[in-house]
Amino acid sequence: MIAVECTISFLEQSGLFNAGRGANRQLDGVQRMDASIMEGARLKAGAVASIEGIVHPITAARLVMEDTNHVLLAGPPATRFAQHYQLEPLPRMRSPRRSSGRSRRAAGAAAQMMRLYRAMLKSKRTQKGQHGTVGAVALDQSGTVAAGASTGGIDSMLPGRVGDSPLIGCGVYADNQSGAVSMTGIGEGIIRLAIAKTICDRLAMGKSPAVAAQQVLRMLVSRIRGSAGALVLSPDGRFAVRHVTPHMAAGWWNGTGRPTVRGQFP
Ligand code: ASP
């Protein structure tokens, strides 16, 4: 659990990925981030959705898990929850869309939404499908698995859009009786097939991490033309990284020696 939070924190802090400091902006110019974390011994989980203005949504997710009776906090109350714990704030950046005179003079909410829809449709035509969500899975010496993910979402999101990453069973799942999964990719497809839990169910049926991931990702493509990548770890330490995107950067470390990092997996 600590390894998952620390790894994701490090990546959020770097600004190099679509999470934390580097999070995408939604079409109104605001960064709204999603994150979740889960541990497999007691199936405890915490998540935040549409959180704003903090560097480490993954820590907010862990605090939801540890300090509340809930699993998911969303929107401004999630942001206030993080502020209550004095989590590191993101530096205030002037948002071109938010601060422009044009947006101040916007004729009203309906006109604003129409512009956003038009922008979304336009950029959908030119979308390159780049992903940069960060995620991690880990196994500790007691045999407990954990998984987490943190993201700024996808390109061209309407304000308020929430992806798979804060949804337990979709972007993340961990159960000592099956394994741990963390997803990246287009959240809308991942949600519709509850991919993380579906992969865990196949692990529980005895499939290897590689086979379970491959089968479910193939199903994602064939059923709904989805696009995703998965980190999959079984409680006996076998793991696989599989993707149906052209690339997926991932690394692993078995506790000794140097870690391995690659940009593509079979
Ligand atoms: N899965 C994330 C989302 O849909 C995006 C990503 O993984 O790049 O919000």
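Note that this is a predicted model, so its numbers are computed, not measured. FYI, side chains are in, hydrogens and waters are out, and symmetry mates aren't considered; it's all heavy atoms of this structure. All residue numbers in this chain count up from 1 along the given sequence. Atoms within a ligand are numbered from 1 in the order they appear, just like the ligands themselves.
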Output yes when E66 and K44 qualify as a salt bridge under the 4.0 Å nitrogen-oxygen rule, no when they do not.
no

At a 4.0 Å threshold, what atoms of ligand 1 neighbour a non-hydrogen atom of [X]?
| X | result |
| --- | --- |
| D164 | 1 (N), 2 (C), 3 (C), 4 (O) |
| T151 | 2 (C), 5 (C), 9 (O) |
| G153 | 5 (C), 9 (O) |
| T133 | 2 (C), 5 (C), 6 (C), 7 (O), 8 (O) |
| T184 | 6 (C), 7 (O), 8 (O) |

Aromatic plane relationship, W252 with F239 - under 30° parallel, 30 to 60° tilted, over 60° perpendicular:
tilted

With nothing but distance in play, are any N or O atoms of [X] less than 3.5 Å from an N or O of ligand 1?
| X | answer |
| --- | --- |
| G185 | yes |
| G187 | yes |
| R161 | yes |

Ignoring hydrogens and angles, write down the donor-acceptor pairs under 3.5 Å from the side chains of residues 253-261, residues two or more places apart or on other chains.
residue, atom, partner, partner atom, Å
W253, NE1, T256, O, 3.3
W253, NE1, G257, O, 2.8
N254, OD1, T256, N, 3.0
N254, OD1, T256, OG1, 3.2

Minimum side-chain heavy-atom gap T59-E5 below 4.5 Å:
yes

Which of R21, R62, Q13 passes side chain to side chain donor-acceptor pair (under 3.5 Å) with H56? It is Q13

Tell me every residue that passes side-chain contact (heavy atoms from CB on, under 4.5 Å) with N24, counting only those two or more places apart in sequence or in another chain.
N18, D155, M157

